[in-house]
Amino acid sequence: MKPFNATPPLIDADALVKKDQSRLIHPHLPGDSTERVVMVEGAGCRLRDAHGREYLDATGGLMLAHVGHGRRELIEAAAGQMSQLAYYSSFHEFTNVPSIHLADRLIELAPAPMERVYFTSGGAEAVDAALRMARLYHHRRGEPERTWVLARNFGYHGITYGGAAATGFPMFHQGFGPMMPNVRHLTPPMPFHPELYGGEDPTEFCLRELRETIEEIGAERIAVMIGEPILGVAGVVEPPADYWPRVRELLSAHGILLILDEVITSFGRIGRWFAAEALGVAPDFIVTAKGLTSGYVPLGALLVADRVADVVTRDEGFVGGYTYSGHPTACAVALENLAIVEREDLLTAATDVGDHLGARLRRLEELPIVGQVRQIGMMIGIELTRDPDTGEPLSAEWVPPLVRERAGVIVRNNPNTVLLSPPLVMSHEEADRVAAAVADVLTERATRSTRRKAVPATPAPSVLDAPWSRPPAMSELLAAAMEWHFDPKTGSRFWLERAKTLDFDPRADIRTEADLALFPNIVDELRDVRIADLVPRGYGDERIPLDVYESGGTTGSPKRVAWLPDHHERLCAWHSEVLDDRGVPRDVNWLTIGPSGPHIFGPISRTMAHRRGGVPFSVDLDPRWAKKCVAEGRSEETRRYLEHVLDQVEWILRSQDVGVVFTTPPLLEALADHEEMADLVNRKVRTLIWGGASMSVDTRGLLRDEVFPDAQLLGFYGSTMVGGGMYERAGLAADAPSTFDPPYPFISMRVVDPDTGETVPYGERGQVVMNHVSRAMLIPNNLERDTALRLPGAPGFGGDAVADIRPVPTFAGTAVVEGVY
């Protein structure tokens with residue numbers, strides 16, 4: 001697969017959108033809608049639009065990009081065929097080499113009794129051809145009265161005249177009538193909806209209805225039945241195992257043909273070449289398209305049993321065809337596409353990754369708005385319901401735009417089901433990102449819906465007391481926090497005064513993480529604000545044991561943070577739970593080599609040592625002085641300061657039992673260069689936590705594998721300014737940069753282009769912006785002194801993650817120096 005261009009092509013996206021709005025008619029888009037997403041590039045499961053934003057394609061376009069986007073092999077197959085014979089008609093006696101080879105390959109893959117192939121330009125054309133062949137078959141056998149077509153409600157067969165008539169959704173009939181006559185729609189088996197069957201077994205109900213319909217119309221008047229082996233557009237509904245074999249048996253007993261519409265299910269979508277073989281049914285026709293070429297060129301193929309083909313091709317042959325039937329270039333692409341599917345074992349991948357994604361998404365069935373999650377291979381439907389007891393449907397139309405806006409993941413929906421059909425080349429990591437994106441949106445809605453039923457419209461402040469390890473949804477947290485910080489009874493003097501200068505109402509307009517960008521970056525105002533003005537009035541008049549911590553000081557005067565005891569307790573409880581999860585030992589002493597104050601570094605580590613059963617030792621740092629020495633080139637003074645720090649560290653390590661060391665990367669490297677201290681660390685220390693500066697992959701590997709092989713190395717990325725931080729993601733590959741997931745939604749991050757303020761695409765570098773939202777603090781839209789790669793959050797985490805942290809060269813016009821910290 002080709003990678004994305006390093007630099008997106010320069011495209012006037014706004015001009016393209018305006019031209020599209022005035023020229024193109026889009027399927028299923030109201031004429032007054034102005035929204036457009038102009039896609040310009042694809043690679044694997046990724047897409048990029050004209051604005052440079054990157055997306056993860058979880059729909060495969062329209063359930064068809066099996067081998068992913070940007071496959072060089074398919075581009076070369078098309079170009080190679082075009083250089084020889086781009087097109088010639090397949091009417092009458094004319095044919096071409098690729099169409100012959102493709103027909104042979106399809107029959108080789110297809111289940112019995114498929115033996116003949118008729119090419120079309122797509123699935124809907126193939127459906128029409130199958131319906132015409134079925135009627136012609138009976139006509140030529142002396143039964144011209146067999147014209148009736150049996151179809152099913154909620155079946156989808158395209159929107160050509162015959163296909164739309166067979167399609168069982170009223171929206172495709174309204175205003176287009178009269179439809180093709182002699183079509184009867186039956187009930188499909190949908191086990192999740194027992195209300196359709198009056199308490200009867202779904203298969204028994206459907207078979208009884210089919211028998212009664214045959215008796216009513218008369219078997220001698222029915223030509224064919226058409227159905228999807230697995231309902232796709234209706235919500236990925238697999239029938240009971242006995243349904244299709246019994247339907248086939250009943251139809252055969254009455255001389256009625258069967259069309260299986262496998263436009264969606266064929267060529268690996270469910271982990272098999274065809275669903276017919278998985279369901280144990282032998283149809284007379286199989287309709288295919290979509291995955292046949294993975295969408296690189298339009299092509300459909302109708303597979304036909306010999307006994308039918310022999311009849312419809314006799315006499316003058318099957319009258320009628322399509323201009324592009326057997327198109328040489330399309331057939332050449334299809335051949336290579338099928339070769340990729342086989343060569344890369346994408347049938348197995350569809351089952352493997354599909355089962356992984358399905359397992360992640362089935363957890364959503366615990367939500368009150370999720371009725372059922374259905375998954376077969378790489379087909380997934382998440383059916384939404386207003387009431388899990390009654391099954392009353394809940395519209396799903398709000399899900400795709402939210403998932404796309406927040407996470408850059410593209411999904412689809414039918415009226416009340418979220419539909420996923422990713423390319424078969426999707427990785428487990430990409431599947432995790434899809435699951436996390438969908439889960440975030442559905443969980444938020446479910447939480448909001450539950451709250452509305454249980455409490456008044458104004459969110460209860462108790463949301464702000466949620467443990468960081470069991471957080472509320474972002475929308476719920478924001479609603480509660482905006483009420484708290486901007487209600488005159490509870491907000492701080494600082495924010496109540498600052499709100500008067502805002503051009504929006506935080507209590508009404510801040511509903512999503514993206515809305516936090518409406519706030520200005522206020523941290524420079526914290527350099528000289530009275531600390532008492534930062535305390536929310538809702539804490540009451542009783543005197544609080546308030547602490548004050550500072551951030552910065554090397555790029556201007558320090559910024560001050562009011563540190564409330566309830567926040568300190570909640571944050572440290574979360575830290576301790578994470579450390580337990582990471583296997584950091586309890587009942588051991590801590591040594592912190594860092595600033596004891598006015599930075600937060602020292603107080604947090606003291607509390608952590610105490611609550612985890614240890615004694616806190618510390619060696620104080622003055623990072624501002626150290627950075628000043630480095631910036632002014634006073635290397636001798638810097639060296640002597642470092643030696644002074646290391647002397648204190650060595651004395652503690654020699655004389656005390658220390659199980660956890662919390663320090664900075666430069667000081668870890670200094671310890672590594674001191675052979676005796678490195679030996680002390682390996683003998684005594686079980687966990688080394690580093691934070692406060694960047695660490696390269698090579699340095700991390702050297703420290704972990706060669707210098708300190710007996711100690712766990714755990715990274716931490718934090719910000720005093722936003723009152724917290726995050727630990728290095730578990731399970732990173734040795735060559736992967738350190739990656740950090742925030743304690744979302746209390747702390748969330750964006751990675752932006754510093755020149756435009758726009759969020760950069762995933763995988764690209766930008767400047768980090770952090771938000772803190774809690775009862776104690778509101779620090780939105782804080783531009784950090786770091787750059788990082790933007791990554792999707794890990795499974796179970798909300799929002800974005802960051803990786804490969806590096807300092808910006810300058811900040812506020814001043815060169816940034818890491819020094820010892």
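Minimum interatomic distance between Leu292 and Ala301 (heavy atoms only, all atoms of both residues): CD2-CB, 3.9 Å. Between His157 and Thr167, the shortest heavy-atom distance links the atoms N-OG1, 2.8 Å. Considering every non-hydrogen atom in both Val409 and Ala437, the closest pair reads CG2-CB, 3.8 Å. A pairwise comparison of heavy atoms in Ala110 and Phe274 identifies CA-CE1, 3.4 Å as the closest pair. Nearest heavy-atom pair across Leu131 and Gly163 is CD1-N, 4.4 Å. Of all heavy-atom pairs spanning Asp800 and Pro792, the tightest one is OD1-CA, 4.5 Å.
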The test is side chain to side chain contact (heavy atoms under 4.5 Å, CB included); show your working for Val304 and Val117 and say whether it passes. CA-CA 6 Å; Val304 188; Val117 180; over 6 Å; no

What's the verdict on side chain to side chain contact (heavy atoms under 4.5 Å, CB included) for His185 and Val183, showing C-alpha distance, side-chain angles and the deciding distance? CA-CA 7 Å; His185 290 91; Val183 177; 3.8 Å; yes

As a quick check of understanding, evaluate salt bridge (Lys or Arg N to Asp or Glu O under 4.0 Å) for Glu35 and Arg404, giving each step before the final call. CA-CA 13 Å; Glu35 183 181 19; Arg404 188 180 75 233; 2.4 Å; yes

Determine whether Leu231 and Val236 satisfy the following criterion, side chain to side chain contact (heavy atoms under 4.5 Å, CB included), listing intermediate values before the conclusion. CA-CA 5 Å; Leu231 289 169; Val236 187; over 6 Å; no

Start with the C-alpha distance between His26 and Gln21, add both sets of side-chain angles, then the distance that settles side-chain hydrogen bond (donor to acceptor under 3.5 Å, both in side chains), and finish with yes or no. CA-CA 9 Å; His26 288 260; Gln21 292 166 348; over 6 Å; no

Kindly indicate, with the supporting measurements, whether the criterion side chain to side chain contact (heavy atoms under 4.5 Å, CB included) is fulfilled by Phe205 and Thr203. CA-CA 5 Å; Phe205 178 96; Thr203 298; over 6 Å; no

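When side chains are defined from C-beta on, Met379 does not count as touching Leu420, because their heavy atoms never get closer than 4.5 Å. Ile410 is listed as a side-chain neighbour of Leu47, based on a closest heavy-atom distance under 4.5 Å. Using a 4.5 Å heavy-atom cutoff, the side chains of Val341 and Leu347 are in contact. Considering only heavy atoms from C-beta on, Thr329 stays 4.5 Å or farther from Tyr87 through its side chain. For the pair Glu41/His69, no side-chain contact is recorded, criterion being any heavy-atom separation below 4.5 Å from C-beta on. At a threshold of 4.5 Å between non-hydrogen side-chain atoms, the residues Asp20 and Leu16 do not count as touching. Side-chain contact between Asp515 and Asp509 is absent, with no heavy atoms from C-beta onward closer than 4.5 Å. Using a 4.5 Å heavy-atom cutoff, the side chains of Leu419 and Ile380 are not in contact.
Note that OG1 of Thr351 is 11.0 Å distant from CD1 of Ile376, once rounded to the nearest 0.5 Å. How far CD1 of Ile226 is from CZ of Phe285: 10.0 Å, rounded to the nearest 0.5 Å. The line from OG1 of Thr759 to CD of Glu54 is 13.5 Å long, rounded to the nearest 0.5 Å. Glu430 CD to His356 NE2: the interatomic distance, rounded to the nearest 0.5 Å, is 11.0 Å. Between the CG atom in Asp128 and the CE atom in Met180 there is a gap of 7.5 Å [rounded to 0.5 Å]. Annotation: the span from Leu257 atom CG to Asp284 atom CG amounts to 4.5 Å, rounded to 0.5 Å.
There is no side-chain donor-acceptor pair under 3.5 Å between Asn337 and Thr293. Arg362 and Gln375 share a side-chain donor-acceptor pair at under 3.5 Å. Using modelled atom types, one finds no donor on one side chain facing an acceptor on the other under 3.5 Å when comparing Ser395 with Asn416. There is a side-chain donor-acceptor pair under 3.5 Å between Thr187 and Glu209.
Note: Trp273 and Phe267 have perpendicular aromatic rings, judged against thresholds of 30 and 60 degrees for the angle between ring planes.
Using a 4.0 Å cut-off between charged nitrogen and carboxylate oxygen, Arg132 and Glu125 do not count as a salt-bridge pair. Between Arg48 and Glu764 there is a salt bridge, with a side-chain nitrogen of the basic residue lying less than 4.0 Å from a carboxylate oxygen of the acidic one. Under a 4.0 Å N-O distance rule, the pair Arg71/Glu344 qualifies as a salt bridge. Salt bridge status for Arg46 with Asp57: absent, with no side-chain N to carboxylate O gap under 4.0 Å.
Enclosure of atom CD in Glu365 by more than 12 non-hydrogen atoms of other residues, nucleotides or ligands within 6.0 angstrom is indicated. More than 12 heavy atoms of other residues, nucleotides or ligands sit less than 6.0 Å from atom OH of Tyr762. At most 12 heavy atoms of other shown residues, nucleotides or ligands fall within 6.0 angstrom of atom CD in Glu366. Atom CG of Leu186 is surrounded by more than 12 heavy atoms from other residues, nucleotides or ligands within 6.0 Å.
Ring pair Tyr156/Phe172: centre-to-centre distance below 6.0 Å.
Remark: the backbone N or O of Pro188 is not paired with any side-chain donor or acceptor of Arg152 at under 3.5 angstrom. Proximity of a side-chain donor or acceptor of Lys290 to a complementary backbone N or O of Leu62 within less than 3.5 Å is detected.
When the salt bridge (charged side-chain N to carboxylate O under 4.0 Å, His left out) test is applied to Arg406, the partners found at least two apart in sequence or on another chain are Asp440, Glu444.
Exactly one of Ile259, Asp261, Ile159 qualifies for a side chain to side chain contact (heavy atoms under 4.5 Å, CB included) with Val127. That residue is Asp261.
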